[in-house]
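See below for the structure under consideration.
Numbering starts at 1 and runs along the sequence shown. Atom set for the values below is all heavy atoms of this structure, side chains included, hydrogens, waters and symmetry mates excluded.
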Amino acid sequence: MPNADATNPDPAGEETAPLAPGSLTGRTALVTGSSRGIGASTVQLLAAAGADVVVNYRAKAPRAEKVAAAAEAHGVQALVVQADLTDPEGVASMFEAARERFGGLDILVMNASGGMESGMGEDYAMRLNRDAQVGLLEAALPVLRDGARVVFVTSHQAHFIRTTPTMPEYEPVARSKRAGEDALRERIPSLAERGIELVVVSGDMIEGTITATLLERANPGAIASRREEAGRLYDVDEFAREVALAAVEPVPADSTRLVGDVSGFGDAEGVRG
């Protein structure tokens, strides 16, 4: 399932980069949970297209600094900002730092999620995946420029949780992420008044993320089983390319971009990415 935690690949140098070089010059993007994994890969793709970037991290500053340095190698500016998304003051400070440095934001990628971590409290998944996401968007509104794009990253297991059961170990996360998605969708009409678009990017299990690793520990064979059922699973780089494309391509009518196989999920509305 999509999650900010994984390795720190840099797919931007590939000949088949999804975004044309220079296509985002003059624009600024903030990606939450971007010190590694899908978030880090997304940062590199946006930077390679010319966007200045804000790298958000919760706890690992050296890792975030490496992501920023790799982004700056593309000739753009990169700002590293620590913020725990469940801390409103930290989130407010993050957006203020982005405003001071860049004047505003054109792209907000809501990538950070969690809920399977130990010792965080029974309500952590809901606080992070619903409450913090709503708070993040509200705090971003004064900084988002008119016509900006907001991308919310989720999983099929969360997006389709009402019609398709998931593994018990993941269900609290899935339900909290679906609750967050629903709350964000309610704001689409008000965002549209400023020309701001929101798109939900939903992916299957993603090879190499910490969430997949934790699920495999709790339910050995889960990843292999899903891979066999789906035919293939996206890896971190592949999914990050879809997230980056979602930041610039036309938003589907239902505001949903489905990535990978959805045949095993009931009521699979929307289109595949």
Test log, rule side chain to side chain donor-acceptor pair (under 3.5 Å), inputs S176 and Y124: CA-CA 9 Å; S176 64; Y124 180 65; over 6 Å; no
F265 and F160: CA distance, side-chain angles, deciding distance, ring pair (Phe, Tyr, Trp, His ring centres under 6.0 Å) verdict: CA-CA 7 Å; F265 297 90; F160 295 109; 5.3 Å; yes
Verdict with supporting geometry, E197 and L191, side-chain contact (heavy atoms from CB on, under 4.5 Å): CA-CA 7 Å; E197 296 177 301; L191 293 174; over 6 Å; no
Test side-chain contact (heavy atoms from CB on, under 4.5 Å) applied to V31 and V54, step by step: CA-CA 6 Å; V31 183; V54 180; over 6 Å; no
V55 vs L79, side-chain contact (heavy atoms from CB on, under 4.5 Å): CA-CA, chis, key distance, verdict: CA-CA 6 Å; V55 178; L79 174 66; over 6 Å; no
Side chain to side chain donor-acceptor pair (under 3.5 Å) evaluation trace for D204 with Q157: CA-CA 7 Å; D204 206 331; Q157 287 74 17; 3.0 Å; yes
side-chain contact (heavy atoms from CB on, under 4.5 Å) between Q77 and E72, intermediate numbers included: CA-CA 6 Å; Q77 297 183 62; E72 289 176 336; 5.6 Å; no
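Heavy-atom minimum distance, L45 versus P18: CD2-CD, 3.7 Å. Closest approach of Y234 and G260 over heavy atoms only: CE1-CA, 3.7 Å. The two atoms that bring L85 and A112 nearest to each other are CD1-CB, 3.7 Å, heavy atoms only. Shortest non-hydrogen contact noted between L136 and M110 is CD2-CE, 3.6 Å. Contact detail for A68 and A78: the closest heavy-atom pair is O-CB, 3.7 Å. Considering all non-hydrogen atoms of both residues, G90 and A83 come closest at O-CB, 3.6 Å.
The shortest side-chain heavy-atom distance between V200 and L198 falls under the 4.5 Å cut-off. Counting only heavy atoms from C-beta outward, the side chains of V151 and N111 never approach each other to under 4.5 Å. Looking at R63 and Y57, their side chains never come closer than 4.5 Å, going by heavy atoms from C-beta outward. For the pair Q44/V67, a side-chain contact is recorded, criterion being any heavy-atom separation below 4.5 Å from C-beta on. Between V201 and F239 there is a side-chain heavy-atom pair separated by less than 4.5 Å. For the pair T166/I161, a side-chain contact is recorded, criterion being any heavy-atom separation below 4.5 Å from C-beta on. Using a 4.5 Å heavy-atom threshold, the side chains of N56 and M94 count as touching.
Considering OG1 of T32 and CG of L108, their distance stands at 7.0 Å, rounded to 0.5 Å. Here the CG-CD1 distance, from L30 to I107, works out to 10.5 Å after rounding to the nearest 0.5 Å. Within the model, atoms OG of S35 and NZ of K66 stand 11.5 Å from one another, a figure rounded to the nearest 0.5 Å. Residue Q82 holds its CD atom at 7.0 Å from CG of D84, rounded to the nearest 0.5 Å. Distance check: R101 CZ to T28 OG1 gives 9.5 Å after rounding to the nearest 0.5 Å. Between the CD atom of E238 and the OG atom of S41 there is a distance of 11.0 Å, given to the nearest 0.5 Å.
Checked for salt-bridge contact, K177 and E181 miss the test: no charged N lies under 4.0 Å from a carboxylate O. A salt bridge links D182 and R178; the closest N-O separation between the charged side-chain nitrogens and carboxylate oxygens is under 4.0 Å. Checked for salt-bridge contact, R127 and D123 meet the test: a charged N lies under 4.0 Å from a carboxylate O.
Hydrophobic clustering, with ILVMFWY side chains joined whenever heavy atoms are under 4.5 angstrom apart, keeps M126 apart from V173. The cluster map of Ile, Leu, Val, Met, Phe, Trp and Tyr, joined by side-chain heavy atoms under 4.5 Å apart, puts I196 and V134 in different clusters. Connection of I38 to L245 is established within a shared hydrophobic cluster, with ILVMFWY side chains joined at heavy-atom distances below 4.5 Å, either directly or through further cluster members. There is a path of hydrophobic side-chain contacts, each under 4.5 Å, that joins V143 to V150. V76 and L105 fall into different hydrophobic clusters, where Ile, Leu, Val, Met, Phe, Trp and Tyr side chains are chained together by heavy-atom contacts under 4.5 Å.
Under the 3.5 Å distance criterion, the side-chain polar atoms of R194 are matched with a main-chain donor or acceptor of L144. Under the 3.5 Å distance criterion, the side-chain polar atoms of R187 are matched with a main-chain donor or acceptor of A183. Within the 3.5 Å criterion, the main-chain N or O of E249 finds a donor-acceptor partner in the side chain of R149. Between the side chain of H156 and the main chain of V259, a donor-acceptor pair closer than 3.5 Å is present. In this structure a side-chain-to-backbone donor-acceptor pair under 3.5 Å is missing from T25 to S23.
Side-chain atoms of T154 and H159 form no donor-acceptor pair, as typed in the model, at a separation below 3.5 Å.
Residue-environment remark: CD (E89) stays at or below the threshold of 12 foreign heavy atoms within 6.0 Å.
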